[in-house]
Amino acid sequence: MRIEAEDSFWLDKAACSNAERQFYEERNRRKVSLAGPVPVPGPAPGPTLPTVPPKKSKKQKNKAMAEKEPPNKQLYMNPLTMEANFFLETLTAVNQKTTHPQLDPHLTKLLERIVVGIEKYLDRNPTYVLPLDTSGATVGEGVAFVQPKELHTIKRTFSCSACTNRIVGTTIAKAVAHLSENHPNPNPNGQPVHQQQQQQQQSRQEKKRAQVKARQEMVVQLPKKAKAMIVGEITNVFKDKYPVADKLKVIPEYDIIEQDLSKLLSPAFPNQQLRVYKFGSRITGIGTRSSDLDVFVDIGNTFHTFEHRASNATISKLRAMRKFFCGSDDWRIINVIEQARVPIIKTCHLPTGIECDICLNSLGFCNTNLLKYVFESQPLAQYMCIYVKNWLERCKLTEQISTYSITLMVIFFLQLQHLLPPISGLQTEQSISQLVGPWIVNFTQKSPSELGIQQIEVTVPIVKGFLKAFFSYFATFDYEHFLVCPYLGRADTEIQNFEKSLPSRYSAYVASNPDCSLQLRKPMVVQDPIQLNHNVTKAVTRYGLQTFVDYCQQTASLLEEPSANWRQRNT
């Protein structure tokens with residue numbers, strides 16, 4: 001129950017009921033009539049125009065009412081007290097009239113019920129609400145009145161913000177008692193407030209550590225779709241996926257999209273040269289029919305320009321492109337993502353039915369060239385990437401680990417098996433390096449024999465054996481102290497001293513751009529082999545990493561067993 005002082009409540013109240021206003025006005029008129037002289041009757045006045053008293057502001061009315069109030073008037077609990085008092089005074093005034101009063105029979109019965117109810121309540125000997133200055137009150141009896149402003153220090157959870165003390169109980173009366181007693185026993189253990197806050201923070205940290213420990217001990221089970229794919233015949237995966245992925249690398253629809261895109265955007269930038277570059281999983285040979293086609297639009301010869309975050313000029317170009325997509329009958333806008341590291345326009349080319357992600361960053365095209373070379377020189381990598389991409393989708397991990405991220409992990413694993421060269425070795429022999437900002441994007445495209453690498457013959461048992469070893473390796477990988485680095489391509493690359501082993505172009509760029517260094521303080525670190533300051537798995541959370549590790553461990557165990565029909569394995 002809200003318990004407040006009348007003087008403070010009335011002055012701060014924004015609006016009041018008609019009954020409250022009539023109560024105050026009637027009482028004030030009665031006081032003025034008693035205090036003033038008795039009027040002398042005069043001749044009956046003639047008809048006069050009604051006089052309109054000058055209007056007063058709400059503050060003036062409240063001030064006048066406050067001045068006329070008795071200084072030591074008893075505080076009230078809530079507006080219901082005023083309503084009852086006003087009704088009682090009105091009933092008394094009607095009773096004093098000479099004419100016989102008329103009363104509604106229904107109201108008579110209602111009043112009788114109220115009186116009987118009050119008597120029954122009083123028979124229970126309730127605890128009374130007493131003001132602070134009430135004399136003769138029993139010690140500890142009732143609850144003292146407090147000012148409404150003091151009640152603001154009590155939160156809705158009944159925790160006093162003034163003394164950081166938890167108030168036991170769920171009623172406002174106990175909060176009022178706490179305030180009226182001037183915050184009794186604010187520190188039950190006799191400790192300073194800052195020490196108590198420190199203990200609360202430590203308890204929260206301990207609770208969080210307990211949750212993390214419980215999560216580490218809990219093993220998340222593989223989804224049924226992923227398990228069905230793993231225990232099924234591995235040949236069926238490649239029979240369905242590989243021919244489609246290989247065919248999608250070059251199809252006539254891409255030329256139509258490129259022509260329509262150039263035709264659409266050329267009027268938007270009439271004085272600038274415009275080129276279209278296709279990249280992504282469709283072009284590398286691991287895509288599916290539902291995969292998007294990634295497109296880089298070079299406007300004004302910006303291929304070699306690098307932006308860690310998109311500039312205002314790039315965002316302006318993106319917005320200008322959006323207007324032309326919206327006005328075209330051949331394109332339908334799906335979404336425009338401006339806040340991403342690489343802003344994109346997600347759209348659908350209606351004549352071909354292919355969804356496209358259009359950006360203004362050339363590094364995606366450069367990464368695609370690298371992956372195409374890797375898959376051509378070592379086809380085993382392409383088969384493994386098709387499998388793990390499908391596995392990632394069935395495990396529902398694509399929101400944190402992208403297809404490009406898992407592809408780099410496959411490349412790193414094969415580098416450790418000496419089946420792929422480190423990317424740094426492919427770039428050291430370049431006499432004239434092609435740069436995008438500070439990053440070298442071209443590389444020597446030598447054959448496996450020139451690099452002294454064996455090209456593995458792709459068979460089902462071989463692919464299955466490498467997949468089992470891949471999942472086993474990343475199920476036991478020490479993500480806290482080491483990172484996945486296809487650029488160097490060697491094991492035991494420690495996070496702590498990693499930046500010292502990177503080339504001078506990285507250190508020079510980070511020195512001039514301190515906020516653009518490689519994000520190493522993440523649960524999982526997989527470095528982009530071209531853009532060396534990019535951790536492609538920076539979005540992975542601790543929970544997501546633990547789930548990924550659990551899935552890898554279970555997948556490796558299932559791949560050890562002989563493949564068979566799913567129903568046969570459960571009979």
Side-chain angles (χ1 to χ4, degrees), residues 226 230 234 237-238 242 281 284-286 367 370-393 395 397-398 400-426 443 448 451-495 498 523-530 535-537 540 545 547-560:
I230 297 165
I234 193 173
V237 178
F238 299 115
Y242 183 82
S281 60
T284 57
I286 60 173
N367 293 334
L370 177 62
L371 297 185
K372 286 172 63 177
Y373 163 73
V374 169
F375 294 157
E376 290 172 1
S377 59
Q378 191 62 269
L380 173 64
Q382 183 180 2
Y383 278 90
M384 290 182 65
C385 287
I386 290 174
Y387 187 91
V388 297
K389 178 179 183 292
N390 193 27
W391 175 85
L392 201 69
E393 292 173 353
C395 291
L397 293 173
T398 53
Q400 295 191 28
I401 302 176
S402 63
T403 301
Y404 181 61
S405 302
I406 201 77
T407 301
L408 293 182
M409 296 173 73
V410 171
I411 292 174
F412 178 72
F413 171 75
L414 294 178
Q415 287 173 338
L416 301 184
Q417 314 304 317
H418 305 289
L419 297 177
L420 283 176
I423 307 306
S424 58
L426 299 176
F443 48 89
L451 296 171
I453 292 175
Q454 179 187 2
Q455 192 176 55
I456 300 296
E457 182 182 359
V458 179
T459 62
V460 171
I462 289 177
V463 175
K464 186 175 180 179
F466 275 101
L467 285 172
K468 174 186 169 299
F470 169 82
F471 287 113
S472 299
Y473 177 77
F474 284 108
T476 58
F477 190 83
D478 187 359
Y479 296 93
E480 184 177 358
H481 299 97
F482 300 96
L483 75 154
V484 177
C485 179
Y487 178 75
L488 298 178
R490 60 171 183 257
D492 302 332
T493 306
E494 294 189 35
I495 294 176
F498 171 67
M524 187 177 186
V525 183
V526 178
Q527 186 195 30
D528 191 305
I530 291 181
N535 174 14
V536 297
T537 55
V540 178
L545 175 60
T547 302
F548 172 76
V549 170
D550 291 344
Y551 287 173
C552 285
Q553 186 175 5
Q554 296 172 53
T555 302
S557 300
L558 291 173
L559 287 172
E560 287 181 356

K.L.:
How close do Leu483 and Phe412 get, heavy atom to heavy atom, and via which atoms?
P.N.:
O-CZ, 4.3 Å
K.L.:
If you take all heavy atoms of Gly489 and Leu416, which pair is closest and at what distance?
P.N.:
O-CD2, 4.1 Å
K.L.:
How far does OG1 of Thr407 sit from CZ of Phe375, to the nearest 0.5 angstrom?
P.N.:
5.0 Å
K.L.:
Would you please classify the geometry between the Phe474 ring and the Phe413 ring as parallel, tilted or perpendicular, with 30° and 60° separating the classes?
P.N.:
tilted
K.L.:
Side chains of Ile234 and Tyr387: does their closest heavy-atom pair fall under 4.5 Å?
P.N.:
yes
K.L.:
Is the shortest heavy-atom distance from the side chain of Tyr242 to the side chain of Gln382 under 4.5 Å?
P.N.:
yes
K.L.:
State, with a plain yes or no, whether a side-chain heavy atom of Leu414 is found less than 4.5 Å away from one of Met384.
P.N.:
yes
K.L.:
Just so I know, are the side chains of Asp528 and Asn367 near enough to count as touching, which here means a heavy-atom distance under 4.5 Å?
P.N.:
yes
K.L.:
For the pair Glu376 and Lys372, find out whether any cationic side-chain nitrogen is under 4.0 Å from an anionic carboxylate oxygen.
P.N.:
no
K.L.:
Measure across Phe482 and Phe477 and return the closest heavy-atom pair with its distance rounded to 0.1 Å.
P.N.:
O-CE2, 3.7 Å
K.L.:
Looking at side-chain heavy atoms only, is the closest gap between Ile401 and Val526 below 4.5 Å?
P.N.:
no
K.L.:
Within the structure provided, determine whether Val410 and Phe470 are in side-chain contact (heavy-atom separation under 4.5 Å).
P.N.:
yes
K.L.:
Write down the atom of Gln454, the atom of Leu419, and the distance for their closest heavy-atom approach.
P.N.:
O-CD2, 3.8 Å
K.L.:
Say whether, by atom type as modelled, one donor and one acceptor occur between the side chain of Ser405 and the main chain of Val536 under 3.5 angstrom.
P.N.:
yes
K.L.:
Do the non-hydrogen side-chain atoms of Asp492 and Asp478 ever get within less than 4.5 Å of each other?
P.N.:
no
K.L.:
Within a strict 4.5 Å, meaning less than it, do heavy atoms of the Tyr404 and Leu371 side chains meet?
P.N.:
yes
K.L.:
Can you label the angle between the Phe548 ring and the Tyr479 ring as parallel, tilted or perpendicular, going by 30° and 60°?
P.N.:
perpendicular
K.L.:
To the nearest 0.5 angstrom, please state how far the CZ atom of Phe466 sits from the OH atom of Tyr383.
P.N.:
14.5 Å
K.L.:
Between Pro448 and Ser377, what is the shortest heavy-atom contact and its length?
P.N.:
CG-O, 3.2 Å
K.L.:
Has the side chain of Thr537 got a donor or acceptor atom that lies under 3.5 Å from a matching backbone atom of Met524?
P.N.:
yes
K.L.:
If I compare all heavy atoms of Gln455 with all of Pro379, which pair ends up nearest, and what's the gap?
P.N.:
NE2-CD, 3.7 Å
K.L.:
Going by side-chain contact (heavy atoms from CB on, under 4.5 Å), Val463 matches just one of Leu380, Ile456, Val237. Which one?
P.N.:
Leu380
K.L.:
May I ask you to decide if Asn535's main-chain N or O and Gln527's side chain share a donor-acceptor pair within less than 3.5 Å?
P.N.:
no
K.L.:
Can a donor-acceptor pair be found, under 3.5 Å and without considering hydrogens, that links the side chain of Glu494 to the backbone of His481?
P.N.:
no
K.L.:
Please determine whether the number of non-hydrogen atoms from other residues, nucleotides or ligands lying under 6.0 Å from atom CD of Gln553 exceeds 12.
P.N.:
no
